[in-house]
Amino acid sequence: MSTSFISPEWGISLSETICPDVQTTVNLLGIHLREVSRDWECPSHKHDQYEINYVLQGTQQMKAGTHSYTQQAGDVVILPPGIPHTSRSVGDQSLVYVCIHFEMNDRVFLSLLERLHQLVFRKDSMAAQQVQPCIMKLVQAAEHESQHMITRRIRLQAASFELFSVLWEILLNEAAQVSPSTYAHMELAHQIAARLQGIVNRNPSQIAERPDSHYGIDDIAAELGISPSHCNRIFHQVFAISPRSYLSNLVLHKSKLLLADPQMSIQDIATTLGYRDIAHFSRQFKRWSGISPSHYRKTHLQMRQPLEAGV
């Protein structure tokens, strides 16, 4: 059953900590661990995804665009999409490496990756040492072919999120060194996003009653000691949308989660989200998504039925 967080009545809670919602999508494609001979060579090719290449044994000579890198065991290379690259094994022993291709919908993470000036992290660097345990967890999860497919997939996802959390810290450190102002803006934007998520989780009725207002934005700006205009400007620079639009997307996401639960009536969902009646909720949902709540629910359930039947 799909549900969304619904805060208890304020009189019940002695304390409460609201964590940011996790809505990031990561696609892992073509993960492989490979051992190749000393005379192995991979011809020029490119991918539509980012690539993480990690050497476990031997030496790899990689050419990416106009740059050439010699990878020893423990070195990490991160390649952007669309870069033609070649690889070959050099040295006196076979080459063992792991390759991970990934896509992600997190715009802030991707913007940091795009700013990355360094493609190679040597084994003695802090970054490579932090990444190594995460990559080995991915390798171990990939190697367990005897596991149930769902178990294996979830372990791969868990290991990948751990890897990307480490990469996130590495990228933030790089941004802080290259551009302190960029780092500060990203931190501020994420603080604003976390507070917007708290508004949706704790008191969505205030948004439902005033969907076109700046409810919450002025309060968040005051809490952070900045002006509302600065709050809007920094948030838009990082997330490429306004705080108001971000807040609307959060409410829409929560609405869709509740509509995915066939046990809840649309009237109950409208009440849970703080709308005065089902018509008010339906108008707002259609304004955000382009379809009515009942149409969304019908389409969602039709798509889910073949999956639940094992087709």
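All of these numbers come straight from a predicted model, not from anything done at the bench. FYI, the numbering just counts along the sequence from 1. Below, each value reflects all heavy atoms present in this structure, side chains not excepted, and no hydrogens, waters or symmetry copies.
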Could you tell me the separation between the CG atom of Asn249 and the NE2 atom of His253, rounded to the nearest 0.5 Å?
10.5 Å
Rounded distance [0.5 Å steps], OH in Tyr296 versus CG in Leu252
8.0 Å
Quick check: do Ser255 and Phe281 have side-chain heavy atoms less than 4.5 Å from each other?
yes
Residue pair Val55 / Gln72: nearest heavy atoms and the distance that separates them
CB-O, 3.6 Å
Any chance you could lay out the ring-ring contact (aromatic ring centres under 6.0 Å, His included) test for His190 and Phe239, step after step, and finish with the verdict?
CA-CA 9 Å; His190 277 272; Phe239 288 98; 5.3 Å; yes
Tell me, with the steps shown, if Gln60 and Asn53 meet side chain to side chain donor-acceptor pair (under 3.5 Å).
CA-CA 10 Å; Gln60 177 173 224; Asn53 193 289; 2.9 Å; yes
Identify the two heavy atoms, one from Ile278 and one from Ala270, that lie closest to each other, and give their separation to 0.1 Å.
CA-CB, 4.1 Å
Stepwise, does the side chain to side chain donor-acceptor pair (under 3.5 Å) test hold for Glu41 with Ser87?
CA-CA 6 Å; Glu41 185 170 353; Ser87 304; over 6 Å; no
Using a 4.5 Å cut-off on heavy atoms from C-beta on, say whether the side chain of Gln197 contacts that of Tyr246.
yes
For the residue pair Ser294 and Ile266, establish whether any side-chain heavy-atom pair is separated by less than 4.5 Å.
yes
Quickly, which of Leu224, Leu196, Ile234 forms a side chain to side chain contact (heavy atoms under 4.5 Å, CB included) with Gln191? Name it, please.
Leu224
OG1 on Thr59 to CZ on Arg88, rounded to 0.5 Å:
11.0 Å
Would you say Lys254 and Val200 make side-chain contact, with heavy atoms under 4.5 Å?
yes
Run through Gln237, His230, His236 and flag the one making a side-chain hydrogen bond (donor to acceptor under 3.5 Å, both in side chains) with Arg233.
His230
Can you find a heavy atom in the side chain of Ile269 that is under 4.5 Å from one in the side chain of Asp261?
no
Identify the heavy atoms of Ser44 and Pro84 that sit nearest to each other, and give their distance.
OG-CB, 3.9 Å
Where Thr70 and Gln61 come nearest, the two heavy atoms and their spacing:
OG1-OE1, 2.8 Å
Just by distance, do the side chain of Ser160 and the backbone of Gln157 share a donor-acceptor pair under 3.5 Å?
yes
With a 4.5 Å limit on heavy-atom distance, are the side chains of Gln57 and Leu95 in contact?
no
Under 3.5 Å, side chain of His101 to main-chain N/O of Cys99, donor-acceptor pair present?
no
Can you tell me how the ring of Phe102 sits relative to the ring of Tyr50, calling it parallel under 30°, perpendicular over 60° and tilted otherwise?
parallel
Angle between ring planes, His85 versus His47, binned at 30° and 60°: parallel, tilted or perpendicular?
tilted
Atom CZ of Arg297 and atom OG of Ser265: how far apart are they, to the nearest 0.5 Å?
7.5 Å
Aromatic ring proximity Trp40/Tyr97, centre distance under 6.0 Å:
yes
Under 4.5 Å between any side-chain heavy atoms of Pro81 and Gln49, yes or no?
no
Please name the pair of heavy atoms, one in Ala64 and one in Tyr69, separated by the smallest distance, quoted to 0.1 Å.
CB-CE1, 4.1 Å
Please find the pair of heavy atoms, one from Leu33 and one from Val98, that lie closest to each other, and give the distance.
CD1-CB, 4.2 Å
Roughly how far, to the nearest 0.5 Å, is OH of Tyr54 from CD of Gln71?
10.0 Å
Could you walk me through whether Arg195 and Ile199 pass side-chain contact (heavy atoms from CB on, under 4.5 Å), step by step?
CA-CA 6 Å; Arg195 283 167 167 78; Ile199 291 173; 5.8 Å; no
Please evaluate residues Cys231 and Ile192 with respect to the criterion side-chain contact (heavy atoms from CB on, under 4.5 Å), reporting the C-alpha separation (whole Å), side-chain torsions for both, the decisive distance (0.1 Å), and the verdict.
CA-CA 8 Å; Cys231 176; Ile192 297 168; 3.6 Å; yes
Inter- and intrachain pairs under salt bridge (Lys or Arg N to Asp or Glu O under 4.0 Å), touching residues 62-71, at least two apart:
none
Mind checking whether Thr271 and Asp277 have side chains closer than 4.5 Å, heavy atoms only?
no
Looking just at side-chain N and O atoms, do Ser245 and Ser248 make a donor-acceptor pair shorter than 3.5 Å?
no
Spatial distance of atom CG (Asn232) from atom OG (Ser242) [nearest 0.5 Å]:
6.5 Å
Basic-acidic side-chain contact under 4.0 Å: Asp75, Arg122:
yes
